[in-house]
Enquirer: 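Would you mind keeping the following structure in view while I ask a few things?
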Amino acid sequence: MPELPEVEVICQGLQPHIIGKRIRNIHCSDKRLRVPIDCEGMLSELCNQQIHSLTRRAKYLILKMKNGAGLIMHLGMTGNIGIFNQGTVRKKHDHICWLLDNDKEMRFNDTRRFGAAHLLPAKNAQILENAFFAATGPEPFARNCTAGYLHKLAAKRSQAVKNFIMDSHVIAGIGNIYANESLFRAAIHPARPASSLSEKEWRRLLTIIRKTLRHAIQCGGSTISDFVNASGDGGYFQMNFQIYGKNGEACAVCERTIQRTVLGGRASFFCPTCQRISD
DNA sequence: CAAGTTACCTGACGGC
DNA sequence: TGCCGTCAGGTAACTT
């Protein structure tokens, strides 16, 4: 579900509900996420502490308490975090529930349990956070994320450009949907070797990635199956999909039939006319 | 060291 | 009706 835009929408949606609130109790399911949930650790580090901030880095959410402790959370494929009234029935895959001091409860729901929550104890939170993101590529909107950087890094990579831009060590936050959509909008074939793009093409692609992500955030993200923001509203960027999931349909630009292929094990869609394999 | 494969999970859907 | 295979927004530990 969640790529950068969806995580950003969840982050912005949660902030007004939780900043400054105190966590009164934490309840965890007995199931493990991608890593085990450290419920004991969360109780001792986060309980009775006030929430200082919630931010996003790549597809991760970072919760910080005023005592310095923190939590790095990932939503995996099916994760979501929402705000609910305490006492309302918890859903089947609610794995972590943080009870706040305003009768609200923040709940982490994740059907497939590919998500994760990493605790950052107060005494070395910043060191652990830095280590956690040490190998993560720049944010697409960051100043140090430039066409020159991508062009130079891609020079030694023979892999498909789509796989390259989905590599979180290269650039953060781009998943399968927005990789497909951005490459279509940039008229670049997803299977082209990353090293074959000129710096000019990287400039165009980066501009379009940014535009596409920004647009998706403004739309409240993409709702496939059941994505909703913190208030329970779905996004509507899926209305703007031009290529993702559209194999067999006519290209909106040239009417040629959209093709589906598999790259890096992920469904990849392209228009054979608009996205030429060689330039 | 780059790049491909596998594992981690549940649920929806289509074919039979 | 149900059983089976396939597929799904992600990531990291493996292997090659």
Side-chain angles (χ1 to χ4, degrees), chain A residues 1-11 29-37 56-61 72-81 91-96 108-118 131-137 150 152-183 190-196 209 212-213 216-217 219-229 234-241 243-248 260-269:
Chain A
M1 171 206 319
E3 300 183 30
L4 185 153
E6 290 74 34
V7 179
E8 182 64 31
V9 166
I10 290 170
C11 184
S29 76
D30 53 0
K31 301 281 183 62
R32 58 171 280 155
L33 298 178
R34 198 157 54 73
V35 295
I37 302 169
R56 180 195 58 75
R57 171 77 172 101
K59 296 171 192 162
Y60 293 87
L61 287 168
I72 299 176
M73 296 176 283
H74 196 280
L75 302 173
M77 293 273 251
T78 51
N80 202 354
I81 301 178
K91 292 209 282 276
K92 183 170 182 189
H93 299 288
D94 284 343
H95 296 297
I96 311 176
F108 186 135
N109 184 281
D110 186 5
T111 306
R112 286 176 73 185
R113 290 193 274 128
F114 286 176
H118 306 267
F132 191 91
F133 291 111
T136 303
L150 293 168
K152 195 173 167 192
L153 195 58
K156 24 181 209 281
R157 309 284 287 261
S158 60
Q159 73 182 155
V161 60
K162 174 165 175 276
N163 299 347
F164 181 75
I165 61 172
M166 287 177 67
D167 182 344
S168 64
H169 305 292
V170 171
I171 180 169
I174 303 171
N176 202 31
I177 289 176
Y178 298 102
N180 275 297
E181 290 296 323
S182 299
L183 288 165
R192 270 184 59 189
S195 58
S196 75
I209 285 170
T212 306
L213 295 176
I217 292 167
C219 287
S222 299
T223 299
I224 299 180
S225 83
D226 59 357
F227 169 75
V228 292
N229 66 15
Y236 53 94
F237 185 77
Q238 68 279 5
M239 311 296 241
N240 295 289
F241 286 177
I243 201 85
Y244 180 81
K246 296 203 178 285
N247 52 314
R260 179 190 191 272
T261 185
V262 175
L263 294 171
R266 313 297 300 275
S268 305
F269 308 89

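To find a chain, count down the sequence lines: A is the first, B the second, and so on, and within it residues start at 1.
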Enquirer: Whole angstroms only, please: what is the CG-C1' distance between A:N180 and C:dA8?
Expert: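 From A:N180 CG to C:dA8 C1': 13 Å.
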
Enquirer: Just to be sure I understand the rule, does A:K59 reach a base, reach only the sugar-phosphate, or reach nothing, if contact means heavy atoms closer than 4.0 Å?
Expert: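 Here A:K59 touches the backbone only, sparing every base.
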
Enquirer: Using heavy atoms to find the nearest nucleotide of DNA chain B for A:H93 and A:S158 separately, return the residue whose nucleotide is more 5′.
Expert: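 Nearer the 5' end of the strand: A:S158.
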
Enquirer: Hey, could you give me the CZ/CE distance between A:R113 and A:M77, rounded to the nearest 0.5 Å?
Expert: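 Here the interatomic distance stands at 15.0 Å.
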
Enquirer: When the P atoms of B:dT6 and C:dT6 are considered, how many whole Å apart are they?
Expert: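 One P to the other, the span is 14 Å.
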
Enquirer: Let me know the distance between NZ of A:K162 and C1' of C:dG9, rounded to the nearest Å.
Expert: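 Nearest whole value for this atom pair: 12 Å.
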
Enquirer: Please examine the side chains of A:R112 and A:T78, heavy atoms only from C-beta on, and report whether any two atoms are closer than 4.5 Å.
Expert: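 The answer is yes, as the side chains (C-beta and beyond) meet within the 4.5 Å cut-off.
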
Enquirer: When you measure only distances, ignoring hydrogens and angles, does the side chain of A:R113 come within 3.5 Å of the base of B:dC9 through a donor and an acceptor?
Expert: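 Result: no qualifying N/O pair found.
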
Enquirer: Run through DNA chain B and report every stem of 3 or more consecutive Watson-Crick or G-U pairs, distances under 3.5 Å, ordered by first number.
Expert: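 B:2-8 with C:10-16, B:10-16 with C:2-8 - these are the stems of 3 or more pairs that involve DNA chain B.
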
Enquirer: Mind checking if A:Y244 touches a base, just sugar-phosphate, or nothing, with heavy atoms under 4.0 Å?
Expert: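 Sugar-phosphate contact only.
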
Enquirer: Which part of the nucleic acid, if any, lies within contact of A:F164, taking any heavy atom under 4.0 Å across all strands shown: a base, the sugar-phosphate backbone alone, or nothing?
Expert: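 Answer is nothing: A:F164 stays at 4.0 Å or more from every strand.
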
Enquirer: Examine A:Y178 together with A:F241 and report whether their ring centres are nearer than 6.0 Å.
Expert: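 A:Y178 vs A:F241: aromatic centres not under 6.0 Å.
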
Enquirer: Between A:K92 and B:dT10, is there a contact of a side-chain N or O with OP1 or OP2 at under 4.0 Å?
Expert: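 No, outside the criterion.
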
Enquirer: Write down the distance separating the C1' atoms in B:dA3 and C:dG9, rounded off to the nearest Å.
Expert: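 That atom pair is separated by 23 Å.
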
Enquirer: In whole angstrom, what separates A:F132's CZ from C:dA12's P?
Expert: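 Distance, rounded to whole Å: 7 Å.
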
Enquirer: Which part of the nucleic acid does A:R34 contact within heavy-atom distance under 4.0 Å: base, sugar-phosphate only, or nothing?
Expert: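 Result for A:R34 = base.
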
Enquirer: Quick one: which of C:dC7, C:dG9, C:dA12 gets closest to the side chain of A:R260?
Expert: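 Given the options C:dC7, C:dG9, C:dA12, the side chain of A:R260 is closest to C:dC7.
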
Enquirer: Send over the distance from A:D167 CG to B:dC1 C1', rounded to a whole Å.
Expert: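 Taking atom C1' of B:dC1 as the reference, CG of A:D167 is at 13 Å.
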
Enquirer: Taking the side chain as everything from C-beta on, heavy atoms only, tell me whether A:V161 gets closer than 4.5 Å to A:P193.
Expert: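 No, side chains not in contact.
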
Enquirer: Without decimals, in angstroms, what is the distance between A:D110 CG and B:dG11 P?
Expert: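 So the CG-P distance, A:D110 to B:dG11, works out to 11 Å.
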
Enquirer: Once you round it to whole Å, what is the distance between C1' of C:dT11 and CE of A:M166?
Expert: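 About 11 Å, once rounded to whole Å.
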
Enquirer: For this output row, return yes or no: ring centroids of A:H74 and A:Y60 closer than 6.0 angstrom.
Expert: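 Ring-ring flag for A:H74/A:Y60: true, centres closer than 6.0 Å.
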
Enquirer: For residues A:T136 and A:A172, report the shortest heavy-atom separation together with the two atoms involved.
Expert: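 Heavy atoms of A:T136 and A:A172 come nearest at CG2-CB, 4.1 Å.
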
Enquirer: Would you classify A:A267 as touching base, sugar-phosphate or nothing, given that sugar-phosphate means primed atoms plus P, OP1 and OP2, and contacts are heavy atoms under 4.0 Å?
Expert: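 Counting heavy atoms under 4.0 Å across all strands, the contact made by A:A267 is with sugar-phosphate only.
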
Enquirer: From C-beta outward on A:R112, which listed nucleotide comes closest to its side chain: C:dT11, C:dA8, B:dA3?
Expert: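 The nucleotide sitting nearest to the side chain is C:dA8.
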
Enquirer: Mind calculating the distance between CZ (A:R32) and P (B:dC9) to the nearest angstrom?
Expert: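 Atom CZ in A:R32 sits about 7 Å away from atom P in B:dC9.
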
Enquirer: Kindly give the heavy-atom pair with the smallest separation between A:P190 and A:A160, and that separation in Å.
Expert: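 Smallest heavy-atom distance, with atoms named: O-CB, 3.4 Å.
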
Enquirer: Compare the aromatic ring of A:F114 with the six-membered base ring of C:dT11 and state whether they stack according to the 5.5 Å and 30° rule.
Expert: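 Taking the rule of under 5.5 Å and under 30°, the ring of A:F114 does not stack on C:dT11.
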
Enquirer: On a heavy-atom basis, which atom in A:A117 and which in A:I96 lie closest, and how many Å separate them?
Expert: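 Smallest interatomic distance, heavy atoms only, reads CB-CD1, 3.8 Å.
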
Enquirer: Measure the distance from CZ on A:F108 to P on C:dG10 and round it to the nearest whole Å.
Expert: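 Rounded to the whole Å, the gap is 14 Å.
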
Enquirer: For B:dC9 and C:dC14, measure between their P atoms and round to the nearest Å.
Expert: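 Per the computed distance, 15 Å lies between those P atoms.
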
